[in-house]
Amino acid sequence: MLEAQFVPKEAESSIYEFWLKNELFKADPDSTAPTYTIVFPPPNVTGVLHMGHALTCTLEDILVRRKRMQGFNTLWLPGTDHAGIATQMVVERNLMKDEKKSRHDLGREKFLEKVWEWKERSQETIISQMKKMGGSFDWSRLAFTLDENVSLAVRECFFRLYQEGLIYRDQAIIQWCPRCHTALSDLEVKFKETPGKFWHIKYRLKGEPSKYLVVATTRPETLLGDTAVAIHPEDERFTEFHGKEVMVPLVGRAVPVILDSYVDMQFGTGALKITPGHDPNDYVVGKKHNLPIINLMDENAVLNKEAGLYQGLDRQKARAKILQDLDQQELLVKEEDHSHNVGHCDRCGTIVEPRVSAQWFVKAEELAKDAIRAVETKEIRIVPEEWEKTYFEWMRNIRPWCISRQLWWGHRIPVWYCNDCGETHVAIHAPTQCQKCKSKNLKQDEDVLDTWFSSGLWPISTLGWPADSTDLKAFYPTSVLETGFDILFFWVARMIMLGMKMTGKIPFHTVYLHPMVRDEHGQKMSKTKGNVVDPLEISDRLGTDALRFFLSWNAFHGRDMRVSDEGVENCKFFVNKIWNASRFVLMHFEDVKKSNVDLSNEVNQWIWSRLNHIKGEVNRSLEQYRFFEAAQAIYHFIWSEYCDWFIEFIKSKEELEARKAAKESTAVEVLEEVLRLLHPFMPFVTEKLWQEMPIRDQQKISVCIASYPQEDSKRVFPKAEERLALVIRLIEQVRTTRGLHQLSPATEISLSVSSLAGESLLKDLIPFKELIKKLAKLKEIEFIHQEHGKQTHLSIVMRDLKLFIPKADLGDLTKELERKRKELQEKTDALRRADEKLRNERFMNSAPQNVRDGVVKQKMELKREVEALQQYLDDLG
RNA sequence: GGGUGCUUAGCUCAGUUGGUUAGAGCGCCUCGCUUACACCGAGGAGGUCGCAGGUUCGACCCCUGCAGCACCCACCA
């Protein structure tokens, strides 16, 4: 006998322990079974898991658990990511808070020790949270992006790409974060619409100070680094400046006026100052015209000695001072409001500064070619498919990927420079001496790699690449990559590019992109808004099963999903429903014989048939990653069919006794099977209940490895489905009609039943007479069968009314009358429309047979219904 | 500026090659503490499928235009 309630908090941890103890999640590289592999997107070791991780855990676990039950050799590989810049920031912030020290106070070594300590703690938390979510991970393969073998893979990859000329070092303008003191890739810069000003500034013609060009800029402080002013060659307003030089204000430097069609004549004043050192577009123009590059700022974006008088001021202060000075010298023509997009550091929100420096780059456009083709040929499928367009759009316009970061936490770039002769050595292992001058005085590049570089190798590095390991042979290419669409470019695209380049094979055949998690109002969750819903708190309070079911139920193919407490609570009710249904079944059928199913019984036929359809639906939906559809199908089956009808059917005293006496097992067997069907969604409660099932596969120690239900054509009984559907309709009709007829001593219900042949109708229903009587709560029931030509009418006479004479008043009655009249009107109209349709020649000629038949059938039914309604209203009125 | 989606019941969303009367969950209203479950049961109300045209015997679905919303990429100084 089960306890009255399922208490998730108490049950979950011991169930998880049971799974671990029996090593149910361990993949076997030597197995001959087909493999199914998912590599878990490694969470950053920055802190705790959020709802997005919970969603990932849930959806991937559903896929993995189902495949495992289907007999696949299943590997779900867990891991965590060092997350370079993000983690370094967190640790730096804590260091400042706790010890009032910067990382420079500690030095590189000591600081990294701190980060490792942090990583250990954070990873431990994350692992316990992944377990709490019920994730069936193979913990023996737990990986971290700074593990030795992962590092080796990173160096190997770097080396190979360098050998092929796909990695190179170059002086270029990159986005620099003055707070994080590092270069960023284009993707790590987020542009935000920011209100600003447009300042119009005079640039006097050299030698003729009365003549001048007016340049408009949003960043006057950069004029200190101007090395030209550009105008459009065809701009007639400025022809007299062609070939001349103008004076940069405040600086007193003469710079050429250059002609370039890049300039938009309509925009601003038509004259553009060129600052190659601090603007990506100007940099391009500068290169083209061989202009000098002036770097005005240091790593903190504070003006350096190039800025002359303004040295030592930061960007904002310099701007204010410069504007003031310009105004004083009457060089400031006007200022106007101008809202424009300003780049911010994705991590810390600081306004980035374009800066020229030497960095390492990957020629992504080369790698992208194969990656594009893989998706074009559908070798890699992206689900939902709409994302393919976005993927192509980005991949076809991909630009060089800046991979060096001026951080301490990460993979050190595997490049060594000779301090004596300056030679560059790119190597997998640190060289002991310079190849050119044999000096032993070598120094490794100070920078580390972009964290996404190692992430891009994740599917292969965790499986042992570059070694030709057994895991790599067995589990690569992996099956599905499931993640949020926000890291499609950061991560997924790069895994495809690097994976294909390194192994010649795609890393996974399917990419499933799940929606973004929002709060109940559709707002992004954020700490500052205070609307963050913590998955662990919810799981603690309402149960992991409820949370997981909620997440899968809401994993629509849209772009976001909303999480609400209320929603999860409703799923908790569903858990409770299953629990109680099981309680009922176990209470009565604890000692049934296995496979003792009476298939001559139509109620049994019906529930088996229904279950069978659901099995098919769930499997089909999951194959298409339609988690919501699968979840809804099971929910509907359990609640609205198994509980509301099947259990209610068998609950009547006689029925129940008969079944118990015969040890009839349908009730248990259907339940046992549906528990297996549901297990991937709700692993805990289903395990607990499955263990209680008197009939189950005793060979299997856990439902985790019991077989996953598949559609079985032998368990389809269309006749029974049809008849039971009729019975259900009948009972529903009795229930609805009954309240109305309180005033007459006996009531007749007429039911249209065109779907079954008339003659057998009565015979079909007789076995259900008692059932109907009970479920419709009638004291007396009588069937009357009437033939009207080709049509069959079934009338039910109910006697006994006092039972249901409720408190309905006359107001309800008139309302009901009103409704019935409206219904009659609608039905009559529909009948007329059907009639017209059947007289429409074109319809009869071009509509398919089944549609025409449908209309005929509909017309007949409507006709009967109209007659019945007419009769009914006449009686009443 | 370029791109991608979305607009269906009070809310969140399904609706798979155009085809009988457009669905679900929640919420709401009415009734019922019936021996698995009040974390329950029975019933009910609620939709001119964003707007305007077009194609078709027939359109939530296809085409055109418009409006509103969301997101991504670029960053014209």
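Predicted, not measured: the structure shown is a model, and the values here were computed from it. Order of the sequence lines fixes the chain letters, A, B, ..., with proteins taken first and strands second; residue numbering starts at 1 for each chain.
When the C1' atom is compared between B:G50 and B:A70, the two are found 15 Å apart, to the nearest whole Å. Comparing the same atom, P, in B:A9 and in B:G15 gives a spacing of 15 Å after rounding to whole Å. Taking atom C1' in both B:U48 and B:A52, one finds a spacing of 14 Å when rounded to whole Å. Between B:U20 and B:A67, the two C1' atoms lie 34 Å apart (nearest whole Å). Nucleotides B:C49 and B:C72 place their C1' atoms 28 Å apart, quoted to the nearest Å. Distance noted for atom C1' between B:U7 and B:C13: 13 Å (whole Å). Remark: the separation of the P atoms in B:G47 and B:G41 is 26 Å, to the nearest Å. Separation of the C1' atoms belonging to B:G65 and B:G19 is 28 Å when rounded to the nearest angstrom.
A:His278 comes within 4.0 angstrom of nothing in the nucleic acid, heavy atoms only. Among the protein residues, A:Asp282 comes within range of no part of the nucleic acid, since none of its heavy atoms lies under 4.0 Å from any strand. Residue contacts for A:Pro280: at a heavy-atom cut-off of 4.0 Å it reaches no nucleic acid atom on any strand shown. Contact annotation for A:Asn341: base contact, defined as any heavy-atom pair under 4.0 Å involving a base atom. Among the protein residues, A:Ser846 comes within range of the nucleic acid bases, having at least one heavy atom under 4.0 Å from a base atom. Across all strands, A:Leu2 comes closer than 4.0 Å to no nucleic acid atom at all (heavy-atom distances). Among the heavy atoms of the strands lying under 4.0 Å from A:Asn840 are primed sugar atoms or P, OP1, OP2 only; no base atom is included. At the heavy-atom level, A:His340 lies under 4.0 Å from the strands shown only through sugar-phosphate atoms. Within 4.0 Å (heavy atoms only), A:Gln5 reaches at least one base atom of the nucleic acid.
When distances are taken from the side chain of A:Asp186 to each of B:A77, B:G27, B:A74, the shortest belongs to B:A74. With B:A77, B:A36, B:C40 as the candidates, the nucleotide lying closest to the side chain of A:Ile647 is B:A36. Of the candidates B:A77, B:C40, B:G15, B:A77 carries the atom nearest the A:Tyr262 side chain, counting heavy atoms from C-beta on. When distances are taken from the side chain of A:Phe843 to each of B:G19, B:U16, B:A36, the shortest belongs to B:G19. Candidate nucleotides B:G19, B:A36, B:C40 were compared by shortest atom distance to the side chain of A:Lys651, and B:A36 ranks first. Here B:G2 is the nucleotide among B:G2, B:A74, B:G27 with the atom lying nearest to any side-chain atom of A:Glu393. Checking B:A77, B:A36, B:C39 against the side-chain heavy atoms of A:Cys643 singles out B:A36 as nearest. Nearest to the side chain of A:Thr218, among B:A77, B:C57, B:A14, sits B:A77.
Taking 4.0 Å as the cut-off between side-chain N and carboxylate O, A:Glu655 and A:Arg659 count as a salt-bridged pair. Ionic pairing of A:Lys334 and A:Glu336 is present here: one or more N-O contacts between side-chain nitrogen and carboxylate oxygen are shorter than 4.0 angstrom. Ion pairing of A:Arg562 with A:Glu520 is absent here, as no side-chain N (NZ or NE/NH1/NH2) approaches a carboxylate O to less than 4.0 Å.
Here A:Trp579 and A:Phe6 bring their ring centres to under 6.0 angstrom of each other. Taking the ring centroids of A:Phe198 and A:Phe267, they lie under the 6.0 Å cut-off. Taking the centre of each ring, A:Tyr391 and A:Trp387 stay at or above the 6.0 Å mark.
Under 3.5 Å, the side chains of A:Asp853 and A:Gln849 contain a donor-acceptor pair of N or O atoms. A:His232 and A:Asp260 are not linked by any side-chain donor-acceptor pair at a separation below 3.5 angstrom, with hydrogens and angles left out of the test. When only modelled atom types and interatomic distance are considered, A:Glu353 and A:Trp176 share no side-chain donor-acceptor pair under 3.5 Å. Side-chain contact, A:His340 with A:Glu193: no donor N or O sits under 3.5 Å from an acceptor N or O.
Look at A:Arg399 and you'll find a side-chain N or O under 4.0 angstrom from OP1 or OP2 of B:C75. Regarding contacts with the backbone of B:A77, every side-chain N or O of A:Trp199 stays at 4.0 angstrom or more from both OP1 and OP2. A sub-4.0 Å separation between OP1 or OP2 of B:C57 and a side-chain N or O of A:Arg842 is present. In this model, the phosphate group of B:C26 is approached by a side-chain N or O of A:Tyr635 to a distance below 4.0 Å at OP1 or OP2. Distances shorter than 4.0 Å separate none of the side-chain N or O atoms of A:Arg396 from OP1 or OP2 on B:A74.
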Produce the list of close N/O pairs, under 3.5 Å, pairing protein atoms with atoms of nucleotides 11-13 of chain B; give distances to one decimal.
residue: B:U12; atom: OP1; partner: A:Arg562; partner atom: NH1; Å: 3.2

N/O-N/O pairs, protein side and nucleotides 71-73 of chain B side, under 3.5 Å:
none

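Heavy-atom distances to RNA chain B give each of A:Val855 and A:Ala581 a nearest nucleotide, and the one nearer the 5′ end belongs to A:Val855. Mapping A:Gln624 and A:Lys192 onto RNA chain B by nearest heavy atom places A:Gln624 at the nucleotide closer to the 5' end.
Between A:Met516 atom CE and B:G5 atom C1' there is a gap of 14 Å when expressed in whole angstrom units. As rounded to whole Å, 17 Å separates atom P of B:A36 from atom CG of A:Leu689. At whole-Å resolution of the value, NE2 in A:His521 and P in B:G10 are 19 Å apart. One interatomic measurement links the two molecules: CZ of A:Phe267 to P of B:C75, which rounds to 14 Å at whole-angstrom precision. A:His200 places its NE2 atom 12 Å from the P atom of B:A77, with the value rounded to the nearest Å. Atom CZ in A:Phe198 sits about 13 Å away from atom C1' in B:C75, given to the nearest Å.
Pair check for B:C26 finds B:G10; Watson-Crick or G-U wobble, both atom distances under 3.5 Å. The nucleotide B:A70 finds its pairing partner in B:U4, both defining distances of the Watson-Crick or G-U wobble pair being shorter than 3.5 Å. Pairing for B:G65 is with B:C51, a Watson-Crick or G-U wobble pair whose two hydrogen-bonding atom distances lie under 3.5 Å. With both pairing distances under 3.5 Å, B:A38 is matched to nothing as a Watson-Crick or G-U wobble pair. Pairing for B:A77 is absent, judged as Watson-Crick or G-U wobble with the two contacts each under 3.5 Å. B:U20: no Watson-Crick or G-U partner with both key distances under 3.5 Å is found in any strand. Within the shown strands, nothing qualifies as a pairing partner of B:A45 under the Watson-Crick or G-U definition with both distances less than 3.5 Å.
Judged by distance alone, with hydrogens and angles left aside, A:Glu629 brings no side-chain donor or acceptor close enough to the base of B:A24 to form a pair under 3.5 Å. At a cut-off of 3.5 angstrom, counting only N and O atoms as typed in the model, there is no donor on one side facing an acceptor on the other between the side-chain of A:Lys577 and the base of B:C39.
Distance check, rounded to the nearest 0.5 Å: CZ of A:Arg541 to CG of A:Leu547 gives 10.5 Å.
Distance alone, capped at 3.5 Å, is enough to place a donor-acceptor pair between the A:Ser564 side chain and the A:Gly567 backbone.
More than 12 heavy atoms of other residues, nucleotides or ligands shown are found within 6.0 angstrom of NZ on A:Lys202.
Side-chain contact between A:Ile638 and A:Phe574 is present, with heavy atoms from C-beta onward closer than 4.5 Å.
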